[in-house]
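Proteins come first, then strands; the chains are lettered A, B, ... in the order of their sequence lines, and each starts at number 1.
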2 protein chains.
Amino acid sequence: VIEVEGVSREYLVGSERVQALREVSFQVAAGQFVAIVGPSGSGKSTLLGILGCMDRPSRGRYRLAGQEVCLLDRDRLAGLRNRQIGFVFQSFHLLPQHTALENVQLPLVYAGTPARERRERALDLLARFGLEQWAAHRPSQLSGGQRQRVAIARALVARPSLLLADEPTGNLDRRTGGELLDLIASLNASGLTALVVTHDPEIAGRAQRILSIRDGELREGEI
Amino acid sequence: VIEVEGVSREYLVGSERVQALREVSFQVAAGQFVAIVGPSGSGKSTLLGILGCMDRPSRGRYRLAGQEVCLLDRDRLAGLRNRQIGFVFQSFHLLPQHTALENVQLPLVYAGTPARERRERALDLLARFGLEQWAAHRPSQLSGGQRQRVAIARALVARPSLLLADEPTGNLDRRTGGELLDLIASLNASGLTALVVTHDPEIAGRAQRILSIRDGELREGEI
Ligand SMILES: Nc1ncnc2c1ncn2[C@@H]1O[C@H](COP(=O)(O)OP(=O)(O)OP(=O)(O)O)[C@@H](O)[C@H]1O
Ligand SMILES: Nc1ncnc2c1ncn2[C@@H]1O[C@H](COP(=O)(O)OP(=O)(O)OP(=O)(O)O)[C@@H](O)[C@H]1O
Ligand SMILES: [Mg+2]
Ligand SMILES: [Mg+2]
């Protein structure tokens, strides 16, 4: 369902070029649970950003379900992003002036879900993450790990077919992280395709497949 | 060197009270390496914020080297914060319009260190973290783990006597995290007092002492 061909991404900083990704090629079948590992600065977030259409490669192609989705017109791309792809950012990117409950509902607002249903689904998901008592808190009134879980709940509320998660347990204790991993694994068992960038060996151990990135280059398996 | 007596911290959210810390009391001797562990939302960042004078308790007292330092006048408190206490935030709080090199120099700017010396010391520390080639990058041009290391370098550049670090390896791969741990351990061996909030069992394992927080309550040892 994911086809990446010869993707490179170069950044310009002043007069310097940074090669963040070099000729990355791989495929992911629908329903796979893939862990993406590699040293800090190796290009993992850059790759995930391209897969989520937040960013464009400097070269190469990316297809999702056979289509170069990032080249769709604005409206179709927005629909895709909100309904089919759930994205968890490494730094969460929650809306600071909105409560946890409002933040989690956001994809359903875009999907046109009726107010009562989207509120119920958001509350239900917050409860699954042990966050129901913090539903009325804004991000500045939450702990780091609580913000992280709100970001994950937001990514899952529209029941996407693809989850792209960037280091989703970085701020979680082992037990809370383990519960999250169980949830991802069970959603994967019911058909969710999941690509999880992680430094956590427990997540890497549970994935069906590991991709390693080092210095912008991707290899199959652990390096 | 650290004395915490009956510290409580209550937040108000609308009409609700959140007891983030409840009657926390403990002492830390100079030169100790302490890990602070506990579930997400248990009160660790709140405690660290009080120890760094970013925040005030609702009740209780905190003394550093026998003095209630957070009650000092503004100038003395600023001096203390920049020279004696190195603080690493869970969400880094780097200045977005400044380069990594400028961010790391900031405590030395406040300390009045001459420009050439502070630049050298900052570059030296960035190099120790493997970040010298990113010195001219601004935070938005850095990976999550690179930002985290810049935040740690900034906390250490003024050679403080106390390090307060909030989950400093959350965005780092095991090897980079291990190198950071080695650095903290070696600074500790030369006299640095270090309190590190962490979810990382490797850091907890290397610390001389572990404090656990659960639901705002502190206990000695692992729970
Ligand atoms: N906007 C940017 N401009 C310039 N360079 C960038 C930019 N964003 C990232 N980089 C550089 O590209 C490289 C890859 O960054 P990326 O964020 O993908 O790393 P990562 O593997 O996610 O690292 P981490 O594990 O620390 O999060 C890094 O060396 C980083 O400094
Ligand atoms: N400004 C605030 N207003 C209201 N409640 C807050 C505020 N800041 C934190 N809290 C609440 O206080 C509790 C403790 O927060 P704290 O950030 O200290 O947790 P933590 O142990 O650092 O968690 P984590 O491991 O997730 O970072 C949390 O339940 C949080 O929701
Ligand atoms: Mg990253
Ligand atoms: Mg915290």
Undergrad: For residues Gln141(B) and Leu12(A), report the shortest heavy-atom separation together with the two atoms involved.
TA: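 Closest pair (atom of Gln141(B), atom of Leu12(A), distance): NE2-O, 4.4 Å.
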
Undergrad: Need one label for Gln146(B): side chain, backbone, both or neither, based on atoms under 4.5 Å from any heavy atom in chain A.
TA: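 Contact with chain A: backbone and side chain both.
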
Undergrad: Could you state the interatomic distance from CD (Gln148(A)) to CD (Gln90(B)), rounded to the nearest 0.5 Å?
TA: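 Between atom CD of Gln148(A) and atom CD of Gln90(B) there are 9.0 Å.
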
Undergrad: Would you mind checking which part of Ser143(B) comes under 4.5 Å of any heavy atom in chain A, side chain (CB onward), backbone (N, CA, C, O), both or neither?
TA: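 Side chain of Ser143(B) only, per the 4.5 Å heavy-atom cut-off to chain A.
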
Undergrad: Indicate the atoms forming the closest heavy-atom contact of Glu16(A) with Gln133(B), along with that distance.
TA: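 Closest pair (atom of Glu16(A), atom of Gln133(B), distance): OE1-O, 4.5 Å.
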
Undergrad: State whether the number of non-hydrogen atoms from other residues, nucleotides or ligands found under 6.0 Å of Arg206(B) atom CZ is greater than 12.
TA: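 It does: Arg206(B) CZ has more than 12 such atoms within range.
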
Undergrad: Can you say whether Val18(A) sits under 4.5 Å from chain B via the side chain, the backbone, both, or neither, judging by heavy atoms?
TA: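 Side chain only.
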
Undergrad: Side chain of His199(A), backbone of Gly170(B): donor and acceptor closer than 3.5 Å?
TA: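 No.
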
Undergrad: With rounding to the nearest 0.5 angstrom, report the CG to CG distance, Asp173(A) to Asp200(B).
TA: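 With rounding to 0.5 Å, CG (Asp173(A)) is 12.5 Å from CG (Asp200(B)).
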
Undergrad: A quick test of your reading: do over 12 heavy atoms of other residues, nucleotides or ligands sit less than 6.0 Å from CZ of Arg209(B)?
TA: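 Buried by this count: over 12 neighbours within 6.0 Å.
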
Undergrad: When rounded to the nearest 0.5 angstrom, what is the spacing between CG in Asn171(B) and OG in Ser45(A)?
TA: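 Rounded to the nearest 0.5 Å, the CG-OG separation comes to 8.5 Å.
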
Undergrad: Below 4.5 Å from any heavy atom of chain A, which atoms of Arg149(B) appear? Answer side chain, backbone, both or neither.
TA: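 Answer is side chain: those atoms of Arg149(B) sit under 4.5 Å from chain A.
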
Undergrad: So does Arg22(A) have more than 12 non-hydrogen atoms from other groups sitting under 6.0 Å from CZ?
TA: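 Atom CZ in Arg22(A) is crowded, with more than 12 foreign heavy atoms closer than 6.0 Å.
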
Undergrad: For Glu222(A), does the CD atom have more than 12 heavy-atom neighbours from other residues, nucleotides or ligands under 6.0 Å away?
TA: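 No, not enclosed.
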
Undergrad: CZ/Phe129(A) to OG/Ser40(B) distance, rounded to the nearest 0.5 angstrom?
TA: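 One finds 12.0 Å between CZ of Phe129(A) and OG of Ser40(B).
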
